[in-house]
Each structure stands twice: as structure tokens, then as C-alpha cells.
Protein chains: 2
Amino acid sequence: MCKSLIFEVQNVNQTIFIHYIRVKRITIKDIARDLKIHHSTVSRALRGSSTVSFDTRKKVNEYAREIGYQVNMNALQLRGSLKNMIAIVVPNIYHNFFSNVVSLVADLAFRKGFVVSIFQSNESYLQEKEIVQMLIRNNVAGVVASVSMETQDSGHLRALSKYRIPLVLFDRVCPDLEVTKVMVNNQEVVASATEILIERGYRHIAHISGPSHINVFGDRQAGYLSALKKHGLDYQRIVRIESGFTIDQGKETAASLFMEKTRPDALLCDSHLLSLGAIFKIRELQLKIPEDVGIVGFGDNPYIDSFNPGMISIVQPDALIASTVFELIFKRIENFDAAISETKMLPASIIEK
Amino acid sequence: MCKSLIFEVQNVNQTIFIHYIRVKRITIKDIARDLKIHHSTVSRALRGSSTVSFDTRKKVNEYAREIGYQVNMNALQLRGSLKNMIAIVVPNIYHNFFSNVVSLVADLAFRKGFVVSIFQSNESYLQEKEIVQMLIRNNVAGVVASVSMETQDSGHLRALSKYRIPLVLFDRVCPDLEVTKVMVNNQEVVASATEILIERGYRHIAHISGPSHINVFGDRQAGYLSALKKHGLDYQRIVRIESGFTIDQGKETAASLFMEKTRPDALLCDSHLLSLGAIFKIRELQLKIPEDVGIVGFGDNPYIDSFNPGMISIVQPDALIASTVFELIFKRIENFDAAISETKMLPASIIEK
DNA sequence: CAAATTATTGCACACGTGTGCAAATCCCTT
DNA sequence: AAGGGATTTGCACACGTGTGCAATAATTTG
């Protein structure tokens, strides 16, 4: 009944064994046998075809329900390369920004009858590549992604086009890839936030950011620099963090910045967790926010503001991003060539405390 | 090249249309044709069979890589009901507890070569049922789930057994279902937390909980009541919230509790978001924590404690839960009948501030 | 009542893959 | 050169489903 065979597969960085299990499932042929009719008739009856007599249709549907028949999607998809799964690939889901967007897109897609799968790259290019290849193997209808920090090469994403699987990138995108994109006006909003700091009198503003080859961070760094230039400030300091953002990194980076000969009096943090870490470190150092140090963070945590740590928050339009992303991927699933290379730029807002 | 057909499908509560797209993909037959050999030889070559000559093997693999061939998992799964996808079904991923556990299980599974899909029931029984049926249709290797608040009937989960798809429930489980379970000692830890409140002098302790038919909440309510009884306290007050937990609900519930004739002097909150809401309301009312009101919350947010709102946190062992869950689902994927109806009870801990 | 029309059902194939078995090719030995 | 074993390749089928087409059954028509 249950025969198990072992299968060698080359994974990210190790050879592992996948155990494939063989079990028999209830099929239309079982129904056909029991009802003494042909399985093609069963198929038509289940699809509600009017070429099947009402009696047969009724009998088949009732019996199918009785024995708990479920169609085998693999057969269905194999037959016609039928697809009803949308995959979402994000660096992680513990950043509220990602889990919010993912949640919202998933709900919209579910309502339209799609199955939504969520995948985490863990900010690893290799894992991201592995995931994308797996998605091709699994015949997904469409892919929504925000790339990892390590991702510079976009070959794995190009492969999706080869298989005519539509792709929509959001937030973090590949600049060299001509594909549907949903982005936030990072440069503009960070420039504004920096100006707010300047207007409030801070003169030594440091920017804790990510690798500049990622549009999100490159744009923010450009916005930061343009604001400094506009106001003729000399001091400029960008710390680029290459791996994923954590609270500890926020703490450490803040600590080392405060050790530098020219101490910053304001921190512009590109991630919610970084700003939290920075705040903890600042409190440890017995400094006050915003009197001693100004903080700008990305407030993807809806309730953190309620603790009123005195920071300025840049808020991304999660719901708008999600609905735009879904609208575009849906359009492209219906017609692969539609909205290709379309870029939407959505406005972030700033909450001053 | 791209023929699109429309398909009527009965969804949760509406009839919707799924657009199935037909595209042709690169197959081993393409490789066979180009290399003028039989597709079965290609198949063997790709699998690294030693019955294929070294030259042919090399030629095939190089060509496959060159044209970007990816195996069609649908065909693979259809052939032998091969399965390499683990599905995780949770009420949502915006509660840190769930996103943490999901994240960790996903990573462990990925390392073993499984593909992990994450699904949200949104605390809805109907959506949960829909998801589970879809998982059966899609031939998953195993299912990990934490049920929605609405889930009382477990028929949809039983259906998994019929198809011999292993199931591991964690945290919120179905009491009437004989299946592998990973739980936390809720009753015990809540009893302890309640006793801590009592020892600190609080006498009117209210409990904001969930529907008692869910083990997690039923157990916690029992723990709460047993502690009160043990210390001979009269006041007992349980507010049962039937839908998902939000910050606003925490606020509202706290507000209404403080309007009652006997005002509670401590709140035991069954969710992180509930306790946050309660804290905000308490601050609004100009009350102090812990002087005026004691708060116990489920601290599934690792950094919230750093804001030191003066609360007592019950911390669940996320990593241990995740590794236990994965260990069990893996065992059951290898052998469906192993560890069935095994129940693991893991210890939560209390952080006093 | 026979013929024509329509309603219903069965047959066979395709989708992409892997594998048992047979056929074909190769190399070695005598 | 012929036989024999070992190596390599091809053939055919199965997995579950849906659909064009043909065959049958039921109904209507003249």
C-alpha cells in the first residue's frame, strides 16, 4: 500500500534525501468502477456538462461527495498546464512590512480563487534562486517577489519569463530587469524626512542603510545625500549593512556611530528593527530622544508609535502596495504580455511626533 | 501559443472564475528530439543513472542546463504521487508567535529539501476548510496546522487521513481529533502567572481569553480559575473574544472592564495584541502599570519587553515548538503511522519585570 | 414502424515523467 | 570470425484527467 522510495537531490549547499511516498488516492476511475460507467462520463458529470444526463450527473456528484473525492490538481495541471497558484517570495515574514503586504495580497488572491503560497528567501540569493527554480518546476500561475539583499544577478528571475510565468516585483526590485514593478518613492520621502531633521536643527545626520545596489537602499541614500547637499551640510555618513536587518545590528551600529570622532546627533534608519535597536542603545547611553538624538525609522509596526519613543516614522502604504501588486499580477496572469515593464510608484508618508 | 480557458469553480461563498493558462514548456522530449535520442534515455541521464553511457549523460546534462530545463513536478507527482511540499496553515502571520514558528519550521523543512507553503485561515473555519481541501487536491506531503478560532468541527482535518496525508497540529488543536499534537502547558503556566499576580497583591484579576472550545483558551481559563480557587478569591471574570485578537479589541475590552461595578486591578491577556491594546487604554486612563493595574500578556514580541511597560510576560518556546513540529511531521511523512496520536507538551516560561 | 434526429455514453489519446523489459550495440575472448 | 557477456538504448506503459470523436441508446418525426 505504501511504498517509499528515496531520491537524491542537489540542494542549496548539500546533498539531501527527499522521501517520496507513494499512496493511492480516490480517483474518478474509482467512481466509474463503482457506478459501472466510464471515467470520462464521471469527469463530465463532475464538471457539470449538460451532455451527461441529469440522473447520472446527480448520482456521480452525490457519490463523489459521499466518498470524499477531491480532484487531483497534478493531473489537471499536467494535462493543460493549468495553473491556479500564486507564489509570493519575500526576504522574511517577521518584518511587519512584509507580513502585512503578504497577508493582504494573499487575501485578495484567495478571494479570486487562487491558492497563495508564501516563501522566504532569508535574504539569501541562493535560497531565492532555489525557490524560483522550484516554482518553475511546480508550474505556478504567477510570482510576486521582493528580492533578497544579496541579489545582484537576475538570471533566476529571467528564467520565469522563459516559462512565461508572470512576475511582479515590489519594494525591492532588480533595476536591470524589465518587469512589472511596484515601488515606493523612497528617494523623495527620505529626502523629506532628512529635511525635517535638518529643519529641527540636527546637523550630524547618519544614515543606516542597506546595500546600494538594491533600489530601495540606493534610492534612500540618494535622497539622504540630496537633502544634505541642498542644505549645504558637510557631515555625511552612510553605514551599509549587507545582511538582514535585526535589532542587534541596530544596537551595534548605533553604538559604533556614537564612538566616532564626530558623533551623529540624528539617525536615519532604513528598517524598523534597526531603529528599535538604535533606540535601545540610545536609552542605554542615557540619551534622550528627540532632545539629544533625532531618529527617523520605517514605521512598519503599527503599534510601536503608541509607545511614543519620540521618533519620526516613514510609513509605507501597505494596503495600497498589496492591492496594486495583486491587480498587476492578476492582469498579467490573464495576459502575460499585459502591463509588462509597467512601473507603479506609490507614495510613502511621514508621521512626525 | 497561449490559449486561455475559463473555468467555473465553487469557492468559499461565491462563484468565481479561475483563468487557466495553457503554455508549452521545455520537456525532456524537447531534449530528446534535439539530441536525437529517446526521452527515456534523457530521463535516466538527468537522474544520473549509470546505465546511461558517460558521454550521453554529459551531453544531456549540459544541454539541459543550456536551455534551462526544469523538471515538471506535476508529472513527477502524478506518476508516483510523489510529494515534496509541506503546508503550514495558521490563523494569520501577523501575530509574531505564528510568524516565528512558521519561519522556523519553514527553514528546517527547506534544509531537508521540502518546499514549504504557508497559508492563512484568517480565523475563519470556512477558509480553513477550503485550504485543507485544496491541499488534498494538490497532493501535499504533509500538513502542519494551528486551527482557527471558529473551528469546532474537525471533519476537514479528518479528510487528510483518508488521503493518508500526515497532519501535525500545534498550539491550537482539535481535542476530538486523534492526531500528532504539539502543545504548550497553558493551564499550568497561566495558573502560575495568576498566582504571581495574587502574590503581588492583586485581588480582582480579569481574564481576556478566547472561545473555550479551543484547547489553548479552555486550558488557560482552567488555569486561571484553579489559581483563584486555590487562593480562595471570589472575584472571577472571563471575557471570551470569539473572533481574531486585535489591539483595538484589547482597548475596548479593557475599557468595558474598567466600567464594571467591580473594577479589575489586573488583566490576564491571552494574546500579545490584546495586552498591548489594554496597556494603551490603561495609559489613556492615566493609570500606572504595575502600581494601579497588573498586566500579564503573552510576550510573543521579542522586543516589546524592552519598552518595559511593566508587564509580566508568558513566553512560549517558539524555537522548541518549531523543531518539535518539524521532527514529528518529518517522521510521519516517512511513515504515516509513526507518532500518530503522539502528544508533546512543551513548557512556557514567565518573565517577571 | 422505420427513419431521422437527438441525447447519452464509451473509446482513445494527450499531458511529462520514470522504469521494467527487450532489443540493439559494443567489446572481449577463444 | 563467431560466440558470449556487458553495456547502452529504445519501446511501451502507467499515473489522473479532460475532450474530440465515434458509437450507442433514446426520442421524435413523417
Side-chain angles (χ1 to χ4, degrees), chain A residues 3 5-9 18 20-33 35-60 64 67 69-84 136-139 163, chain B residues 3 5-9 18 20-33 35-60 64 67 69-84 136-139 163:
Chain A
K3 180 177 146 203
L5 43 157
I6 297 184
F7 231 71
E8 201 171 336
V9 167
I18 305 182
Y20 286 120
I21 311 296
R22 185 186 299 269
V23 297
K24 78 171 208 282
R25 46 181 292 154
I26 304 167
T27 72
I28 55 171
K29 286 190 180 174
D30 295 327
I31 298 178
R33 180 179 21 79
L35 264 44
K36 302 194 199 323
I37 50 177
H38 200 262
H39 75 269
S40 60
T41 306
V42 175
S43 171
R44 274 186 277 252
L46 290 172
R47 297 264 144 256
S49 164
S50 59
T51 66
V52 176
S53 74
F54 182 80
D55 286 353
T56 313
R57 241 185 299 167
K58 191 178 168 204
K59 206 167 23 171
V60 168
I67 62 173
Y69 167 78
Q70 291 281 348
V71 72
N72 186 334
M73 281 305 271
N74 288 315
L76 218 53
Q77 294 197 37
L78 176 60
R79 217 190 92 78
S81 294
L82 307 181
K83 307 164 167 196
N84 76 328
I136 294 176
R137 291 197 289 270
N138 278 64
N139 260 322
Y163 280 89
Chain B
K3 182 177 144 202
L5 44 155
I6 297 185
F7 231 72
E8 201 171 336
V9 167
I18 305 182
Y20 286 121
I21 312 294
R22 183 186 302 267
V23 296
K24 77 171 207 281
R25 45 181 293 155
I26 304 167
T27 72
I28 55 171
K29 286 190 180 173
D30 296 326
I31 298 178
R33 180 179 21 78
L35 264 44
K36 301 192 200 321
I37 51 176
H38 200 262
H39 76 268
S40 60
T41 306
V42 175
S43 170
R44 273 185 278 253
L46 290 171
R47 296 265 143 257
S49 164
S50 59
T51 66
V52 175
S53 73
F54 183 79
D55 288 353
T56 314
R57 240 186 301 167
K58 192 179 166 203
K59 207 168 20 169
V60 168
I67 63 172
Y69 168 79
Q70 291 282 348
V71 71
N72 187 335
M73 280 305 271
N74 288 315
L76 217 55
Q77 295 197 38
L78 177 60
R79 218 192 91 78
S81 294
L82 306 180
K83 307 165 168 197
N84 75 329
I136 295 176
R137 291 198 289 269
N138 279 61
N139 260 322
Y163 279 89

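This one's a predicted model, so the numbers in the text were calculated from it and none came from an experiment. Each chain gets a letter, A, B and so on, in the order its sequence line appears, and its residues count up from 1.
- Counting heavy atoms from C-beta on, the side chains of A:Leu76 and A:Met73 come closer than 4.5 Å.
- Interface residues of residues 48-59 of chain A facing DNA chain C, ordered by number: A:Ser50, A:Thr51, A:Val52, A:Ser53, A:Thr56; criterion, heavy-atom separation under 4.0 Å.
- Of the candidate nucleotides C:dG16, D:dG10, D:dT17, D:dG10 has the atom lying nearest to any side-chain atom of B:Ser40.
- The two residues B:Arg25 and B:Gln70 have their closest heavy-atom pair at NH2-O, 3.0 Å.
- The distance from atom CG of A:Leu35 to atom P of C:dG10 is 11 Å, rounded to the nearest whole Å.
- Direction change of the helix axis from one end of the helix from C:dC1-D:dG30 to C:dT30-D:dA1 to the other is 60°, with five pairs defining each end axis (rounded to 10°).
- Listed nucleotides D:dG10, C:dG16, C:dA12 differ in distance to A:His38; the shortest reach to its side chain belongs to C:dA12.
- Considering only side-chain N and O atoms, A:Tyr69 lies nowhere under 4.0 angstrom from the phosphate OP1 or OP2 of D:dG16.
- One interatomic measurement links the two molecules: CG of B:Asp30 to C1' of C:dC15, which rounds to 13 Å at whole-angstrom precision.
- Relative to the side chain of A:Arg79, the nucleotides C:dG10, D:dG16, C:dG18 differ in distance, and D:dG16 lies closest.
- Taking atom CG of A:Leu46 as the reference point, atom C1' of D:dT19 lies 15 Å away to the nearest angstrom.
- Relative to the side chain of B:Leu76, the nucleotides C:dC11, D:dT17, C:dT17 differ in distance, and C:dT17 lies closest.
- In this structure, CG of B:Leu78 is placed 12 Å from C1' of C:dG18, rounded to the nearest angstrom.
- Looking only at side-chain heavy atoms (C-beta outward), A:Thr27 and A:Asn72 stay at 4.5 Å or farther from each other.
- Closest heavy-atom contact between B:Arg44 and B:Val52: CB-CG2, 3.5 Å.
- Contact of the B:Leu46 side chain with the B:Val71 side chain is not registered, since no non-hydrogen atoms from C-beta on lie closer than 4.5 Å.
- Taking every heavy atom of both residues into account, A:Leu78 and B:Ala75 meet most closely at CD1-CB, 3.9 Å.
- At a threshold of 4.0 Å, the pair A:Asp30-A:Arg33 counts as salt-bridged, since one of the basic side-chain nitrogens sits closer than that to a carboxylate oxygen.
- Closest to the A:Asn72 side chain, of the nucleotides D:dC11, D:dT17, C:dG16, is D:dT17.
- Spacing between atom NZ of A:Lys29 and atom C1' of C:dG10 amounts to 13 Å, rounded to whole angstrom units.
- Pairing each heavy atom of B:Gln77 with each of B:Asn138, the nearest pair is OE1-O, 4.0 Å.
- Contacts of A:Ser43 with the nucleic acid, taken as non-hydrogen atoms under 4.0 Å apart, include base atoms.
- Rounded to whole Å, the distance from CD on B:Gln70 to P on C:dG16 is 15 Å.
- Between A:Thr56 and A:Ile37 there is a side-chain heavy-atom pair separated by less than 4.5 Å.
- The A:Arg44 side chain lies nearest to C:dT9 when the options are D:dC11, C:dT9, D:dC15.
- Distance CG (A:Asn139) to C1' (C:dG16): 10 Å, rounded to an integer number of Å.
- What you find for B:Ile67 and B:Ile26 is that their closest heavy atoms are O-CD1, 3.2 Å.
- At C:dG18, one or more side-chain N or O atoms of B:Arg47 fall inside 4.0 Å of OP1 or OP2 (strictly under the cut-off).
- Whole-Å rounding puts the A:Ile28 CD1 to C:dC11 C1' distance at 14 Å.
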